[in-house]
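Written below as structure tokens is the structure these notes are about.
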There are 2 protein chains.
Amino acid sequence: MPPKRNRDSKEDSVKVKNDTNTKIKSKTTSNKRSKSNHHEEHKDHEEPNAKRVKRVAKPLLNKIDTDLNEINFDCSKLNAIGNKYNLKISSWNVSGIRAVIKKNGMEYILKEDADIVALQETKCDKNKLPEEVKLKGYHYYFFESKKRGYSGVALYTKEKPINIKYGLDNAEFDNEGRLITAEYPNFYLLNAYVPNAGQKLVTLPKRLKWNEVFKDYVKGLDKKKPVIICGDLNVAHQEIDLKNPKTNTKNAGFTKEEREGMTDFLDAGFVDTFRALYPDKADAYTFWSYFANARSKNIGWRLDYFLISKRIKDNVCDNIIRNAIYGSDHCPIVLYINI
Amino acid sequence: MPPKRNRDSKEDSVKVKNDTNTKIKSKTTSNKRSKSNHHEEHKDHEEPNAKRVKRVAKPLLNKIDTDLNEINFDCSKLNAIGNKYNLKISSWNVSGIRAVIKKNGMEYILKEDADIVALQETKCDKNKLPEEVKLKGYHYYFFESKKRGYSGVALYTKEKPINIKYGLDNAEFDNEGRLITAEYPNFYLLNAYVPNAGQKLVTLPKRLKWNEVFKDYVKGLDKKKPVIICGDLNVAHQEIDLKNPKTNTKNAGFTKEEREGMTDFLDAGFVDTFRALYPDKADAYTFWSYFANARSKNIGWRLDYFLISKRIKDNVCDNIIRNAIYGSDHCPIVLYINI
DNA sequence: CGTTGAAGG
DNA sequence: CCTTAAACG
């Protein structure tokens, strides 16, 4: 996708965006795929026979809709090499895309205007996707779980990737709509929804299996091109990454095994961009339980990450947690990078 | 309950209501019961540890809330003997009492101010009943299904009955919260939710079994005192009782067997009060499928009835279908009687 | 607590 | 279409 865009001024950005749209439009003609449990959709081909989702006048969760105009969606920071970002990636565990749509969550996505948008826990069969998922200017790819209403990831991208891969060639995990890999000219983008270890850690073994399979898969890609992983990794890595580390050591997302899994992964040559930028920043969370009004008290967890190949770590301009965005129990995260 | 009340003027009626409230309050002290799947509750004893149901700003179904002030809840008609009513009974299949509460349905019940209120399909365990079910001035009795979220009936009564009976001594049906019998000094009041014959009539046999068991049960009561049955009887008796009789002869609620069951029951000495009052009134329905906006087109069924012992038929002043009341796929029905 | 599909209507 | 509980988070 980059380096075709110049983001040194807002005006340019808008102009380039229009160019991009036009370009994408002219490029997207046929080659629709319709295999087992993944789905590629396009504004140029096919109207899904999806029902229209009824709008309800309900605030985004426990807050009246945040005024999106008060948020700065741009980033003026330069990376370690001195460059402004030319690629913006947004990642959001929506916990049900249809619910988020009803809560006007797509408005956030449009306002963010990222080049790549990665959604997790879409929880929606492709034939039930409402009209609202069709965002103008994006190619979009949905990978659903065989188990309806469970898991599922989606990828929106302004530039059409060289290739899209659903899953990681593992029968168990690929039934659950947990990973989309998009290949671009000079990097891989991975949108991941990592298995939850479950109540009383009943699925911790499955989770640890994922850690192994996923690490092997990513290491393979990383040999070819740098990798950008984003998504809900379902682990708070260090004590700083959740409000109550002491009382959660036996709970899903903060067990020794899950934390070691993350350490192990990073040791294989990857960087947690947020923590690299803000090593001591506490109270920076991306998830809050719906229980007990945790979000209003900021009793949260940092479960959503950008992990990138070490060799592109100096390309990062910033990594923002959009904690003013409601509509899910996770908030979006945004990576600004020049690549 | 009657004959203690004089309803010849609105002013009197209001005054007497206050008297009644006071009287009931002074009468209600102890004798709470707490057996298997039924439940008696009281304003004087016990606060149920029920969660408060969140209010949502949603119109009653597909209509903005009906202005209850435009409805005449009184009745000036005299019965065949020349008397004004001294007893008002309201019956309503709420299709989920918690949903109806969220839609402000209890406001209707309060405004109707019936002496007896019979609800069907409450679909709520007693321990999940929200605060709003506690209506001031009423004794209330809930009979739930063992299968959670299914069936269930409730009875509200200003005057405390001599006796309350849950079910009809039949193991199968009494697990399903379908019948409450209240004994008053000079009549029995039965609140019934008759089994649905099901999609493709899969439960028609069960339904026909109910017809037999129920008829025997009622005939037993009728030997002692006159009987007033109300509720969702899940049958449209004659062609006039549904919009599309021709196309529904094989569907639950209008099969030959169900219709004959009703005829058979009436032949045992009971009167369908609405049809007795309005023998030729078409388009008078109490239920409309949620599908295809049936209610706005009045494509409905008359499934809710008052059936009374023939010997008190001349006591009836009127029977009204409150088709302006939304919040369920059924609307309430009201009986004005002097007894 | 909130989202989803399933059963029931 | 609409309500509910179950599974999952």
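Below, chain A is the first sequence line, B the second, and so on; all start at residue 1. Computed over heavy atoms, backbone and side chain alike; hydrogens, waters and symmetry mates excluded.
- Nearest to the side-chain atoms of A:Ala99 among the listed nucleotides D:dG9, D:dC1, C:dT3 stands C:dT3.
- Annotation: side chain of A:Glu112 is not in contact with side chain of A:Ile325 (no heavy-atom distance under 4.5 Å).
- Per the geometry, CD1 belonging to B:Ile101 stands 19 Å off P belonging to D:dC2, to the nearest Å.
- Proximity of B:Lys123 to the phosphate of D:dC2: no side-chain N or O atom is located under 4.0 Å from OP1 or OP2.
- Counting any heavy atom pair closer than 4.0 Å across all strands shown, A:Phe291 reaches a base atom.
- In this structure, of D:dA5, D:dG9, C:dG9, it is D:dA5 that holds the atom nearest to the side chain of B:Arg148.
- Side-chain nitrogen and oxygen atoms of B:Arg98 include at least one within less than 4.0 Å of the OP1 or OP2 phosphate oxygen of D:dA5.
- The CG atom of A:Asn93 sits 13 Å away from the P atom of C:dT3 (whole-angstrom rounding).
- Atom NZ of A:Lys102 is separated from atom P of C:dT3 by 8 Å (rounded to the nearest Å).
- Regarding A:Tyr290, its OH atom lies at a distance of 18 Å from the P atom of D:dC8, rounded to whole Å.
- At least one side-chain nitrogen or oxygen of A:Tyr150 sits closer than 4.0 Å to the OP1 or OP2 atom of D:dG9.
- When each of A:Asp272, A:Leu242, A:Val235, A:Ile240 is tested with A:Arg302 by the rule side-chain contact (heavy atoms from CB on, under 4.5 Å), just one qualifies, namely A:Asp272.
- Within the structure, a side-chain polar atom (N or O) of A:Lys147 is placed less than 4.0 Å from OP1 or OP2 of D:dC8.
- Between B:Glu176 atom CD and C:dG8 atom C1' the separation is 12 Å, expressed in whole Å.
- Checking A:Ala292 against B:Tyr193, the closest nucleotide of DNA chain C that is more toward the 5' end is the one next to A:Ala292.
- B:Phe287 comes within 4.0 angstrom of nothing in the nucleic acid, heavy atoms only.
- By the 6.0 Å and 45° rule, A:Arg295 stacks over the aromatic ring of A:Tyr326.
- Regarding A:Asn248, its CG atom lies at a distance of 17 Å from the P atom of D:dG9, rounded to whole Å.
- Within the 4.5 Å cutoff, no side-chain heavy atoms of A:Val194 are placed close to those of A:Phe214.
- Residue A:Lys128 has no polar side-chain atom (N or O) positioned under 4.0 Å from OP1 or OP2 of C:dT4.
- Between A:Asn234 atom CG and D:dG9 atom C1' there is a gap of 8 Å when expressed in whole angstrom units.
- Taking atom CZ on B:Phe254 and atom P on C:dG9, their separation rounds to 20 Å, with Å as the unit.
- Side-chain contact annotation: A:Glu144 with A:Thr122, donor-acceptor N/O pair under 3.5 Å absent.
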